[in-house]
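Throughout, protein chains are lettered first and strands after them, A, B, ... in sequence-line order, and every chain is numbered starting at 1.
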Amino acid sequence: MLQRPRGTRDFLPEEMERRRCIEATMRKVGRGWGYREVCTPVFEDLELFTLRSGEGIIQEMYTFEDKGGRKQALRPEVTAPVLRLFVNEGRTIPKPIRWYYFCDCFRYERPQKGRYREFWQFGVELIGADSPHAEAETIMVADAALRACGVSFEMKVGHLAPMKHLLSGLELVFQRIVMGYLDKKDFDGLAAYLASIHREDLYDSLMGLIACRNVEDLFSLIDNLPERKRLEKVFALLDQAEVPHTCNFGIARGLDYYTGMVFEGFADNLGAENQIVGGGTYRLAHLFGGEDVGSCGFAIGFDRVMVSLGEMPVPRLVSAGVASTEESRNYAMRVARGFRASGIPTTVDLMERGLGAQLAHLAKEADFALIIGRREQEKGVVTLKNLHTGEQKELPVPAAIDEVKRFGDR
RNA sequence: GCCAGGGUGGGGUAGUUGGACAUCCUAGGGGACUGUGGAUCCCUCGACCCGGGUUCGAAUCCCGGCCCUGGCCCCA
């Protein structure tokens, strides 16, 4: 038998309803902060992603050559496509640009809990602004989105400037290696590496830096940081907005295009793959031939949010189904049309079953049964049966519709 | 790429010191039943992950692969 590709998932209606509900919550938060949805192709020129992240990522992407010989890739993330979109079409849009997206992405990696080869990301990009207010807003939106969904998480906020300041005496390649060790929390490896390049002196200050838990700690360690004012402002804004967070100046985010504030959020109840959001301030547009605009953004791992939330109940549309005798079928169809026109999902029997069997089936799927036979047809009414309580009464169609609506969505 | 544990009808399971038609529940389909049946009765569909090997005989033992679940690595 054919099976679905490794690392992918099928979703049955119940789970889809749960996913759509959470998705709608995220969209609503994004929209509420003034972000509007954009959509980019599911595949792009491979170069778009290697420009952003380096050749090394090719082995973790779904790549292919199209019939014209072009090297293509399924998108492994959405920031690069959105910035490409900005460079192509966004130049004349007034800044700052607030965009959000909800897209599926693809990575060829070994699947495990919270990691799939096809996964969904909700993210925002704030293009053309990287002020402290912009940086703070980005974190606030991420926080609001996760909070609205009911996720329990911890937000760690940092800034690249202090670390770059400490490492300013090193060449860029060495800086990256050091930041790699710090990102992995491999302190033994770090010490060994620093020794190998004869910069043991950096070890203590680096360890001091990552031990900082607030800006006061930080500036007692480094008092001549040029970015001091803006950094203080970001954290002050977060405090004023009462966005819970911890400071962590060891966040390196492993990429060169991040330029300032960086942040990561971790779900409280997940295993190895517990990072549910990541973002920061970056400069990327110039790589794609655009103007060099500062931007901020984040991406939420939607599937991890779903894993973290578990099996929560979701409001469901109240639904009805017609149980009718064959002779009254035409009248029943008319009644069903009226219910549907009022926004109530309504089914009719397709199996030519008896009235009893129709009711038996409806009891498993619907909230209300609309029993329709000769009696109802002659009087122009419907017998409305609440399938949860078993109560039933004869009502004119409009009154029956009101009754179902009054029952409300569950 | 590495480590551990697992794969029996659609879902959940019994059975593995090798031995007959592979157990049960549930879901699905058909019929009886024709104004209340989420019922009852009858019938039915449907599985040992794949490929080799050992053996008279393999769901059961061995090897390889695939997939699943965790973890490591990576994580844009």
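- Residues from residues 351-363 of chain A with heavy atoms under 4.0 angstrom of RNA chain B, sorted by number: A/Met351, A/Leu355, A/Gly356, A/Ala357, A/Leu359, A/Ala360, A/Ala363.
- In this view, A/Asp66 and A/Arg70 satisfy the salt bridge (Lys or Arg N to Asp or Glu O under 4.0 Å) rule, not counting sequence neighbours.
- The residue A/Glu60 sits close to a base: some heavy atom pair falls under 4.0 Å.
- Residues from residues 123-131 of chain A with heavy atoms under 4.0 angstrom of RNA chain B: there are none.
- A/Phe288 meets the ring-ring contact (aromatic ring centres under 6.0 Å, His included) test with no other residue; sequence neighbours excluded.
- Applying the side chain to side chain donor-acceptor pair (under 3.5 Å) test to A/Glu327 and every residue at least two apart in sequence or in another chain returns A/Arg374.
- Every pair tested for side-chain hydrogen bond (donor to acceptor under 3.5 Å, both in side chains) that includes a residue from residues 329-339 of chain A fails, sequence neighbours excluded, so the list is empty.
- Not a single side chain to side chain donor-acceptor pair (under 3.5 Å) links A/Asp204 to another residue, sequence neighbours left out.
- For A/Arg9, the salt bridge (Lys or Arg N to Asp or Glu O under 4.0 Å) partners at least two apart in sequence or on another chain are A/Asp303.
- Put simply, CG on A/Leu370 is 18 Å from P on B/G35, counting in whole angstrom units.
- Minimum interatomic distance between A/Gly294 and A/Arg283 (heavy atoms only, all atoms of both residues): N-NH1, 3.6 Å.
- Taking the side chain to side chain donor-acceptor pair (under 3.5 Å) definition, one finds that A/Arg353 meets it with nothing, sequence neighbours left out.
- Using modelled atom types, no side-chain atom of A/Arg213 and backbone atom of A/Asn248 make a donor-acceptor pair closer than 3.5 Å.
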Distances for protein N/O vs nucleotides 66-68 of chain B N/O pairs under 3.5 angstrom?
| unit_1 | atom_1 | unit_2 | atom_2 | d |
| --- | --- | --- | --- | --- |
| B/C68 | OP1 | A/Gly7 | N | 3.2 |
| B/C68 | OP2 | A/Arg6 | NE | 2.6 |

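- Less than 4.0 Å separates RNA chain B from at least one heavy atom of each of the following residues of residues 271-300 of chain A: A/Gly271, A/Ala272, A/Glu273.
- For A/Glu403, the side chain to side chain donor-acceptor pair (under 3.5 Å) test picks out A/Arg406, with sequence neighbours left out.
- Counting distance only, with no hydrogens placed and no angle test, the side-chain atoms of A/Glu376 and the base atoms of B/G35 include a donor-acceptor pair under 3.5 Å.
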